[in-house]
Peer 1: 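A single structure is presented below for examination.
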Amino acid sequence: DQHTIIAQAVLEMFVFAGGQSVPQTIHACVAVLFTPELLPSPVAVDENNVEAFVYEVTRLFPAVQGFCYWRNDSREILSLNAALRDPAVWGPDANRFTLKDVRLYRSQHVGFANQAQSPGTFDSKVCPGIQLVLDVCQGFTLALTTWQEPGLSMDCGVGQVRSYWRPVGSPKPVGVQHRWWKDFVLQIEDWLDGDQTGEGLLRSHGPVELGRLLHKINLSDSELDIVGNICKLLGPSAVGDESSKLVKFDSNTRLFFEISRKQFKELGARRESAEMNNKPAKPSEKYFDMDFSGITETISLPVKNELQKQIRDSIADLLNQALGGTLCDELDPTLAVRTCNQRLAAIMLCQMIFRRQDAEVCPPHSAARADSFLPKAKHPFADITGDDEQVAIAKCGIGQLFLKTNKDRRLASYGDIVCDVSFLGDYAVREHFEKLGASAVFNRDNTSGKWTLAAIDWRHGGKTVTPSDNSWEHVKWVWRCSIVTYITTIHHLMWTHWMVANSFATSLYETLGPQHPVRKLLHVHTYKTQSINHHSALALYPENGMLHRMSPFPYSELQRIFMLGAEGFQFHTWPEEYELFELPEEVKSKLPIFEDGLDVWHVLHAWFSGYIDLFYGNDDDVKNDAELQQYWKFRNVPQYAKAMPALSKTALVNQITRAVFDVTAMHEFVGNVVSYTTDPAGAALQVRPSLNMADLQQFVQVNSLVAGTGMPMPMLVPSGQAGDLDWFQLLDPPSEISPMVEQLYKKLMDDLRTVSNTVRARNASGTR
């Protein structure tokens, strides 16, 4: 019967057939099937060419690399791998994956030590299960490629390849010698260990993992559309091409998706981090003005020169024409993500469409990935939708910035701590979306101190929801989306990029000469600031731009959010922020933003304070520096200038420390949201009625934005590799104080390494 057949198949494959050779070869077959760069196009694997396909896989990726034997008392090793790529046998394209005449494989393939035979003895080393290995791998491949809905096919980038979601008949490979194949239908999921909850999927990348994860998704007939639409993303071009595979997405999404990948540049190819800037101080020729219609002062982003300004303005005009000047928010039903299986498919294929190849190694501890345009998910969630995960987001994640003591009488009975992003409910949204805004209330156990998510106050629904409510999963989704939306628009874009980084970097080069000690001190911290800020403003600030498209707000409301963010900016040192934070001491002292953040702050403050002491003896020395007086005006961001205290030595050290703290540690915190966005159930910038996950179009939009921050950047503690070199020479101190500056620099490096090790130990302790 069928159980006996399957049992015999498993026994022979994994006990009698070469140990690990069979699963390794199957692994390679699956990887090749879903690596369009390998398969010649168009090709479809079927009964007619599956033998050649498996032979070609074993030729290029043999499970056995060499064969040992003795000759004249010497042990020699034949390289089977080299023989299988010998151009004298396999032709000039011996190193490429091309299906050849099966007769050539049968006569010349040596991957199973075919010629190592000793007739009449027990010394033969040839694999005794050659045909079984070939049969098993052929049958597996056919089972995979013949799972299809009748009459349907799917383009996976290698031509029309039959889908693999539903069995339509028993595979019958040509030349199979074993009778048990006759009725054998492979159940793909039976080949896997583990569950299907999605744990670890955020870590997946590359063709081998793709092949492995594809098996986990057993989609029903009604779910086939979503897979087809995601697979259409695998095409090479998304703009100006009628044959584009992004046909289901609007122009805005397709364009942003392309830009997010095209702007990527390897760190080793960018030399600015290791170059001195000796240009004289002078105002920029042109600025990109962020005009808030007179409600608050204009923020100006410098453009390096007139030619660049003209080029970028021309590009902006082309983008506006391409986007058509309107937004279409109606949702194609086939792009909705509703089920667990659709969620898994979206997670996996998101990793594939942002995958990159042949990349250099990124700096150690960098957020960048060598294999993806997306940054690393350093601490991915097992399942971000769980109640315990909401506690983790509030206590250790980006929700920390919104924590405060619960003083709302309506919510007092639920708990004493609230993570409050309810203010986003004050902003209107476009027709097809729900309002954002929610407050999560946490109850703390008096004995253990454990937090429990007790309720969420939902602005759009106008009610407080508890775990027993049918809306519970939806309001958790609203709360996460509200956090990511506010973090992205205000903390990341407005405050970190357009205000803090823009203020000090612009003022630095417009007012301080190339030999000024403060300019030398801060130069390394302004890496690509002008171009990054200007590009982000071009893409994200305008009406019908990319942020407007991926947010739910009418443009007037999005501008109001930006304006209120700019007006609400306040300057505080990080210790002052700690004192102002409205939480009980025993709670806020254990929040990573303070427990770790204060350690980072004190290290930076000691470095900058020691450096400034070498050049300025007292307040008067600072106040009488004419260039510093101009620097302190921060003309291009009036809101930042108004938040500054009067110029003094202490104020200068604090401003420099906070600026660098913001563009390093804080930017890493508010900008690295990839753990939240690469799961459609994680977080996005839009909420649609009755949906608890991002639709595919929103999913790609948000991760395109995330990918824009995924480039490898020079590290504060350099790795020494190309583009990430030691930056002491950029300080270029006067010879008489150079030893003291170098001593301070070495202490900075040592202290930062100590803090890094301490933070890793805290994260690994299990107490957070």
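FYI, the numbering just counts along the sequence from 1. Only this structure's heavy atoms are used, side chains among them; waters, hydrogens and symmetry mates stay out.
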Peer 1: Do we see a donor-acceptor contact under 3.5 Å between the side chains of Q530 and Y509?
Peer 2: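 No - no donor-acceptor pair under 3.5 Å links their side chains.
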Peer 1: Are the aromatic ring centres of F381 and Y676 under 6.0 angstrom apart?
Peer 2: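 F381 vs Y676: aromatic centres under 6.0 Å.
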Peer 1: For N757 and V759, indicate whether the former's side chain and the latter's backbone hold a donor-acceptor pair under 3.5 Å.
Peer 2: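 No, the answer is negative, given that no donor and acceptor are paired below the 3.5 Å cut-off.
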Peer 1: Hey, does M666 have a side-chain heavy atom less than 4.5 Å from the side chain of I593?
Peer 2: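 The answer is no, as the side chains (C-beta and beyond) never meet within the 4.5 Å cut-off.
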Peer 1: Under a 4.0 Å threshold between the charged nitrogen and the carboxylate oxygen, would E742 count as salt-bridged to K747?
Peer 2: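 Result for this pair is no, no salt bridge flagged.
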Peer 1: Could you walk me through whether L401 and F669 pass side chain to side chain contact (heavy atoms under 4.5 Å, CB included), step by step?
Peer 2: CA-CA 10 Å; L401 294 173; F669 182 67; 3.8 Å; yes
Peer 1: Applying side chain to side chain contact (heavy atoms under 4.5 Å, CB included), name anything that partners P575, two or more places apart in sequence or on another chain.
Peer 2: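 Testing P575 for side chain to side chain contact (heavy atoms under 4.5 Å, CB included), a comparison that skips the adjacent residues, returns T573, L598, W601, H602.
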Peer 1: Under a plain distance cut-off of 3.5 Å, with no hydrogens placed, do Y616 and D625 share a side-chain donor-acceptor pair?
Peer 2: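 The answer is yes; a qualifying pair exists.
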Peer 1: Do you know which of L730, L725, D726 makes side chain to side chain contact (heavy atoms under 4.5 Å, CB included) with F728?
Peer 2: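 Passing option: D726.
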Peer 1: With sequence neighbours left out, write down each residue that passes side chain to side chain contact (heavy atoms under 4.5 Å, CB included) with R459, or none if nothing qualifies.
Peer 2: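 For R459, the residues satisfying side chain to side chain contact (heavy atoms under 4.5 Å, CB included) (neighbours in sequence not counted) are S422, D426.
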Peer 1: Would T496 and D662 count as having a side-chain donor-acceptor pair, cut-off 3.5 Å?
Peer 2: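 Result is no, nothing qualifies.
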Peer 1: Backbone N or O of C396 within a donor-acceptor pair of the Q400 side chain at under 3.5 Å?
Peer 2: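 Pair found, side chain donor or acceptor close to backbone of C396.
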Peer 1: Can you confirm whether the side chains of D291 and Y541 place a donor and an acceptor under 3.5 Å from each other?
Peer 2: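 Side chains of D291 and Y541: no pair found under 3.5 Å.
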Peer 1: Return the CE to OG distance between M563 and S556, rounded to the nearest 0.5 Å.
Peer 2: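 It is 11.0 Å, given to the nearest 0.5 Å.
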Peer 1: Should K623 and D620 count as an ion pair when the cut-off is N to O under 4.0 Å?
Peer 2: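 So K623 does not pair with D620 through a salt bridge.
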Peer 1: How would you list, by chain and number, every residue that makes a salt bridge (charged side-chain N to carboxylate O under 4.0 Å, His left out) with E567, sequence neighbours excluded?
Peer 2: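 With neighbours one apart ignored, the set is empty.
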Peer 1: Testing the basics here: between F608 and L522, what is the closest heavy-atom pair and its distance to 0.1 Å?
Peer 2: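 It is CE2-CD2, 4.4 Å.
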Peer 1: Which residues pass the salt bridge (charged side-chain N to carboxylate O under 4.0 Å, His left out) test with K376, not counting sequence neighbours?
Peer 2: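 Scan of K376 (salt bridge (charged side-chain N to carboxylate O under 4.0 Å, His left out), adjacent residues dropped) gives none.
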Peer 1: Looking just at side-chain N and O atoms, do N672 and H667 make a donor-acceptor pair shorter than 3.5 Å?
Peer 2: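 Short answer, no.
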Peer 1: Are the ring centres of H548 and F553 closer than 6.0 Å?
Peer 2: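 Ring centroids of H548 and F553 are no less than 6.0 Å from each other.
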Peer 1: Taking all atoms of both residues into account, what is the closest heavy-atom pair of T529 and A505, and its distance?
Peer 2: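 Nearest pair, atom of T529 first, then A505: CG2-CB, 3.8 Å.
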Peer 1: Ion pair present between D599 and R762, side-chain N to carboxylate O less than 4.0 angstrom?
Peer 2: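 Result for this pair is yes, salt bridge flagged.
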Peer 1: Side chains of Y578 and S589: donor-acceptor distance under 3.5 Å anywhere?
Peer 2: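 Judged by distance alone, the side chains do not pair up.
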Peer 1: Relative to each other, are the rings of Y640 and F634 parallel, tilted or perpendicular (30° and 60° limits)?
Peer 2: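 Ring orientation, 0 to 90° scale: perpendicular.
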Peer 1: Is it true that a side-chain atom of N277 and a backbone atom of H523 form a donor plus acceptor pair closer than 3.5 Å?
Peer 2: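 Checking the backbone N and O of H523 against the side chain of N277, no donor-acceptor pair under 3.5 Å is found.
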Peer 1: Between D416 and N443, does any side-chain donor sit less than 3.5 Å from a side-chain acceptor?
Peer 2: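 The criterion, which ignores hydrogens and geometry beyond distance, is not satisfied for N443 and D416.
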Peer 1: Does a side-chain heavy-atom distance below 4.5 Å link L521 with W607?
Peer 2: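 They are in contact (side-chain heavy atoms under 4.5 Å apart), so the answer is yes.
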Peer 1: Please step through side chain to side chain contact (heavy atoms under 4.5 Å, CB included) for the pair V670 and I398, ending with a clear verdict.
Peer 2: CA-CA 7 Å; V670 301; I398 56 178; 6.0 Å; no
Peer 1: Mind listing the closest non-hydrogen atom pair of Y527 and P714 along with its distance?
Peer 2: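 Answer, listing the atom of Y527 first, then P714: CE2-CD, 3.4 Å.
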Peer 1: So F661 and W574, would you call those rings parallel, tilted or perpendicular, with 30° and 60° as cut-offs?
Peer 2: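 Answer is tilted, since the angle falls between 30° and 60°.
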Peer 1: Any salt bridge linking E627 with R519? Criterion: basic side-chain nitrogen under 4.0 Å from a carboxylate oxygen.
Peer 2: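 Salt bridge: no.
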Peer 1: Please round to the nearest 0.5 Å and tell me the distance separating atom OG of S756 and atom CE of M715.
Peer 2: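 With rounding to 0.5 Å, OG (S756) is 8.5 Å from CE (M715).
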Peer 1: Which value, rounded to the nearest 0.5 Å, describes the distance between E297 atom CD and M290 atom CE?
Peer 2: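 Rounded to the nearest 0.5 Å, the CD-CE separation comes out at 14.0 Å.
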Peer 1: Does the ring center of F292 lie less than 6.0 Å from the ring center of F562?
Peer 2: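 Aromatic pair excluded; centres sit 6.0 Å or further apart.
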Peer 1: Is there a donor-acceptor pair under 3.5 Å between the side chain of S372 and the backbone N or O of R369?
Peer 2: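 The answer is no, because no donor-acceptor pair under 3.5 Å joins these two groups.
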Peer 1: So that I know where these two stand, are Y631 and F504 an aromatic pair - ring centroids less than 6.0 Å apart?
Peer 2: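 No: the rings miss the under 6.0 Å criterion.
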Peer 1: Yes or no on side chain to side chain contact (heavy atoms under 4.5 Å, CB included) for L403 and I417, after CA distance, side-chain angles and deciding distance?
Peer 2: CA-CA 7 Å; L403 288 174; I417 304 294; 3.9 Å; yes
Peer 1: Using a 4.5 Å cut-off on heavy atoms from C-beta on, say whether the side chain of V418 contacts that of F442.
Peer 2: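 Result no, sub-4.5 Å side-chain heavy-atom pair not found.
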Peer 1: Between R658 (side chain only) and H572 (backbone N and O only), is there a donor and an acceptor less than 3.5 Å apart?
Peer 2: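 Confirmed, R658 side chain pairs with H572 backbone.
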Peer 1: Is any side-chain heavy atom of K642 closer than 4.5 Å to a side-chain heavy atom of F569?
Peer 2: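 No, too far: nothing below the 4.5 Å cut-off.
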Peer 1: Checking side-chain polar atoms at under 3.5 Å, does S648 have a donor or acceptor matched by the opposite partner on T650?
Peer 2: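 No, no side-chain donor-acceptor contact under 3.5 Å.
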Peer 1: Holding to side chain to side chain contact (heavy atoms under 4.5 Å, CB included), I want the full list of residues that pass it with R635, two or more places apart in sequence or in another chain.
Peer 2: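 Per chain and number, R635 pairs via side chain to side chain contact (heavy atoms under 4.5 Å, CB included) with T511, Q630, K633.
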Peer 1: Treating D289 as the side-chain partner and S300 as the backbone partner, does any N or O pair qualify as donor plus acceptor under 3.5 Å?
Peer 2: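 Between the backbone of S300 and the side chain of D289 there is no qualifying donor-acceptor contact (under 3.5 Å).
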Peer 1: Please list, chain by chain and in numerical order, all residues satisfying side chain to side chain contact (heavy atoms under 4.5 Å, CB included) with K520, sequence neighbours excluded.
Peer 2: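 Checked K520 against side chain to side chain contact (heavy atoms under 4.5 Å, CB included); matches are Q515, Y611, D732.
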Peer 1: Might you point out which heavy atoms bring A428 and P554 nearest each other, and give the distance in Å?
Peer 2: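 Here A428 and P554 meet closest at O-CD, 3.2 Å.
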Peer 1: If the threshold is 4.0 Å, N to carboxylate O, is there a salt bridge linking R768 and D596?
Peer 2: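 Looking at D596 together with R768, the answer is yes, because their closest N to O distance falls below 4.0 Å.
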Peer 1: Specify the closest pair of heavy atoms between G565 and I490, including all atoms of both residues, with the distance to one decimal.
Peer 2: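 The answer is CA-CD1, 3.8 Å.
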Peer 1: Checking K395 against K590 for the side chain to side chain contact (heavy atoms under 4.5 Å, CB included) test, could you report, in this order, the C-alpha distance in whole Å, the side-chain angles of both residues, the deciding distance, and whether it holds?
Peer 2: CA-CA 9 Å; K395 285 184 63 179; K590 294 301 182 181; over 6 Å; no
Peer 1: Would you compute the distance between atom OG of S507 and atom CG of L512 and round it to the nearest 0.5 angstrom?
Peer 2: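 Nearest 0.5 Å value for the OG-CG distance: 6.5 Å.
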Peer 1: Hey, could you give me the CG/OG1 distance between L685 and T489, rounded to the nearest 0.5 Å?
Peer 2: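 Going from CG on L685 over to OG1 on T489, the span is 7.5 Å.
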Peer 1: Regarding S439 and D420, is there a side-chain donor-to-acceptor distance under 3.5 Å anywhere?
Peer 2: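 There is such a pair (donor and acceptor under 3.5 Å, judged by atom type) between the side chains of S439 and D420.
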Peer 1: Within the 3.5 Å criterion, strictly below it, is a donor on T677 or N703 matched to an acceptor on the partner's side chain?
Peer 2: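 Their side chains do contain a donor-acceptor pair, which is all the 3.5 Å distance test asks for.
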Peer 1: Do N763 and R760 have a side chain donor and acceptor closer than 3.5 Å?
Peer 2: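 Not at all, the side chains of N763 and R760 share no donor-acceptor pair under 3.5 Å.
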Peer 1: Salt-bridge test for R444 and E586: reply yes if a basic N is under 4.0 Å from a carboxylate O, no otherwise.
Peer 2: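 So R444 pairs with E586 through a salt bridge.
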Peer 1: Of all the heavy-atom pairs spanning L301 and N533, show the shortest one and how long it is.
Peer 2: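 In terms of heavy atoms, the two residues are closest at CD1-O, 3.8 Å.
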Peer 1: Nearest 0.5 angstrom please: L564 CG to M494 CE, how far?
Peer 2: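 So the gap between those two atoms works out to 10.0 Å.
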